[in-house]
Amino acid sequence: MDHTPERPVAGQRPTWISTAAEPLDPAVRVNDYDSFAEGYVAETENSLLNAYIERPAMIALAGDVTGHRILDAGCGAGALMAALRERGAVVTGIDSSAGMLAAARRRLGDDADLQVADVRDPLPFADGTFDDVVASLVLHYLEDWGPTLAEMRRVLRPGGRLIASVNHPFVDWLAEEPRPVYRETTSYTDLWTFNGQSYPLTFWRRPLHAMTDAFTAAGFRLAVISEPKTAPEAPEPFSGISFMCFVVEVPAPGR
């Protein structure tokens, strides 16, 4: 890597992320993880934000998953999927990036159930296939959560759970000048730089009430809203704002 990972500061992004200038070059694909999969994995595998905040939070929220059928929607390189399998779950991973799935295959082995699929599209699974769906840092790539949440609900059994994490809605409000309008759903594009080359990624930020409204509109019942802390075993402390996590449930019949 051509930069040194450093501890994030509240309201600031890592040094390898910068705001993209407008207009973007139309010849450059946005959110093309295949073009930087290896660099991304190297940067985030053991980073403070990923390995000591977001991933432990998702594992803790999942709890005892022994025997659970879990869909890891947007599994990336498979770090969370590996942790869930180690805890006794039967996990299927999907991702739109073949490059990220190749990294997951190297981690998880040839017998891992991995499929190229985009969460924006209908999911290639029957109704009620899974006990849980995990969506780790996925939903903030979507302008409209509605179709994706509807599909996730469809493939969950009654009483099943969706466990999701997103960028905290206050992060950009604290980090950017001028500050974005918090109550509006807006897009922004960052440049992620690996090995001297920059790649554009576009995200959608929305207020907390827009997130909870989307879950309930899709037929989920809110169970947990969490703002995870840094894991005790982290190499250094961090008290800033990073992610927001949700556990939402498919109501069981009669409830």
Point to revise | Heavy-atom closest pair, residues Leu108 and Gly78 | key: CD2-O, 4.1 Å
Exercise for review: Pick out which of Leu80, Ile94, Val91, Leu101 makes a side-chain contact (heavy atoms from CB on, under 4.5 Å) with Cys75.
Suggested key: Leu101
Practice item. Determine the minimum heavy-atom distance between Tyr188 and Asp190, stating which atoms define it. Key: CE1-OD2, 3.4 Å
Check your understanding: Is Met100 reachable from Tyr199 through a run of I, L, V, M, F, W or Y residues, each pair having side-chain heavy atoms under 4.5 Å apart?
Key -> yes
Check your understanding: Would you call Arg107 and Glu86 a salt bridge, using N to O less than 4.0 angstrom?
Key -> no
Check your understanding: Just checking, any donor-acceptor pair under 3.5 angstrom between side chains of Ser96 and Asp118?
Key -> no
**Study point:** In one Ile/Leu/Val/Met/Phe/Trp/Tyr side-chain cluster, 4.5 Å: Val134, Ile53
**Key:** no
Exercise for review: For Asp127 and Arg154, work out which heavy atoms get closest and say how close.
Suggested key: OD1-NH1, 2.7 Å
Review point. Going hydrophobic residue to hydrophobic residue with side-chain gaps under 4.5 angstrom, can you get from Val248 over to Met58?
Key: no
Practice item. Take Phe125 and Gln115 through the side-chain contact (heavy atoms from CB on, under 4.5 Å) test and state the conclusion after the steps. Key: CA-CA 11 Å; Phe125 308 105; Gln115 303 179 39; 3.6 Å; yes
Review point. Taking the six-membered ring for Trp, are Tyr40 and Trp192 parallel (under 30°), tilted (30 to 60°) or perpendicular (over 60°)?
Key: parallel
Review point. Can you check whether Ala112's main-chain N or O pairs, donor with acceptor, with Arg105's side chain at less than 3.5 Å?
Key: yes
Output a table of donor-acceptor pairs, distance under 3.5 Å, between side-chain atoms of residues 160-167 and any protein atom two or more places apart or on a different chain; print 'none' if there are none.
| residue | atom | partner | partner atom | Å |
| --- | --- | --- | --- | --- |
| Arg161 | NE | Asp132 | OD1 | 2.8 |
| Arg161 | NH1 | Leu61 | O | 3.4 |
| Arg161 | NH1 | Ala62 | O | 3.2 |
| Arg161 | NH2 | Ala62 | O | 2.9 |
| Arg161 | NH2 | Asp132 | OD1 | 3.3 |
| Arg161 | NH2 | Asp132 | OD2 | 3.2 |
| Ser165 | OG | Glu54 | OE2 | 2.6 |
| Ser165 | OG | Leu137 | N | 3.0 |

Review point. Side chains of Met244 and Pro169: closer than 4.5 Å at any heavy-atom pair?
Key: yes
Exercise for review: Ignoring hydrogens and angles, tell me if any N or O in the side chain of Asn46 forms a donor-acceptor pair with the backbone of Ala51 under 3.5 Å.
Suggested key: no
Practice item. Would you kindly say whether Asp95 and Ser97 are connected by a side-chain donor-acceptor distance under 3.5 Å? Key: no
Practice item. Mind checking ring-ring contact (aromatic ring centres under 6.0 Å, His included) for Phe170 and listing every partner two or more places apart, or none if nothing turns up? Key: His168, Tyr182
Exercise for review: To the nearest 0.5 angstrom, please state how far the CD atom of Glu45 sits from the CZ atom of Arg55.
Suggested key: 5.5 Å
Exercise for review: Indicate yes or no for a side-chain donor-acceptor contact from Thr230 to the backbone of Phe238 under 3.5 Å, with no hydrogens or angles considered.
Suggested key: yes
Study note, to complete from the structure: Residues at least two apart in sequence or cross-chain that pass ring-ring contact (aromatic ring centres under 6.0 Å, His included) with Phe246, listed by chain then number, are Phe215
Practice item. Check for a donor-acceptor pair, side chain of Trp145 on one end and backbone N or O of Met211 on the other, with a separation under 3.5 Å. Key: no
Check your understanding: Looking only at heavy atoms, what is the nearest atom pair of Asp121 and Glu151, with distance?
Key -> O-CG, 4.3 Å
Exercise for review: Write down the atom of Thr202, the atom of Tyr141, and the distance for their closest heavy-atom approach.
Suggested key: O-CD2, 3.8 Å
Review point. Within the side chain of Ser226, is there an N or O that forms a donor-acceptor pair under 3.5 Å with the backbone of Cys245?
Key: no
Exercise for review: State, to 0.1 Å, how close Val133 and Ala73 come at their nearest heavy-atom pair, and which atoms those are.
Suggested key: CG1-CB, 4.2 Å
Practice item. Report, as yes or no, whether the 6.0 Å neighbourhood of atom CH2 on Trp173 holds more than 12 heavy atoms from other residues, nucleotides or ligands. Key: no
Point to revise | Full working for side-chain contact (heavy atoms from CB on, under 4.5 Å) between Trp204 and Asp144 | key: CA-CA 9 Å; Trp204 288 86; Asp144 182 2; over 6 Å; no
Review point. Is a donor on one side and an acceptor on the other found under 3.5 Å between the side chain of Arg153 and the backbone of Val250?
Key: no
Exercise for review: Begin with the C-alpha distance, continue with both residues' side-chain angles, and end with the deciding distance and a verdict on salt bridge (charged side-chain N to carboxylate O under 4.0 Å, His left out) for Arg157 and Asp131.
Suggested key: CA-CA 6 Å; Arg157 64 167 176 81; Asp131 300 299; 2.6 Å; yes
Check your understanding: Strictly by modelled atom types, are Thr186 and Arg205 linked by a side-chain donor-acceptor pair under 3.5 Å?
Key -> yes
Check your understanding: Same cluster or not: are Ile241 and Leu139 linked, directly or through other Ile, Leu, Val, Met, Phe, Trp or Tyr residues, by side-chain heavy atoms under 4.5 angstrom apart?
Key -> yes
Check your understanding: CZ of Arg183: more than 12 outside heavy atoms within 6.0 angstrom?
Key -> no
Exercise for review: Spell out, yes or no, whether Val181 and Val171 are grouped together once hydrophobic residues are joined by side-chain heavy atoms under 4.5 Å, including indirect joins.
Suggested key: no
Study note, to complete from the structure: Distance col, row Asn31:CG vs Phe36:CZ, nearest 0.5 angstrom, shows 7.5 Å
Point to revise | From CA spacing to verdict: side-chain contact (heavy atoms from CB on, under 4.5 Å), Leu123, Leu71 | key: CA-CA 10 Å; Leu123 297 175; Leu71 173 64; 4.1 Å; yes
Practice item. Answer yes or no: is there a side-chain heavy-atom contact under 4.5 Å between Ile59 and Arg87? Key: yes
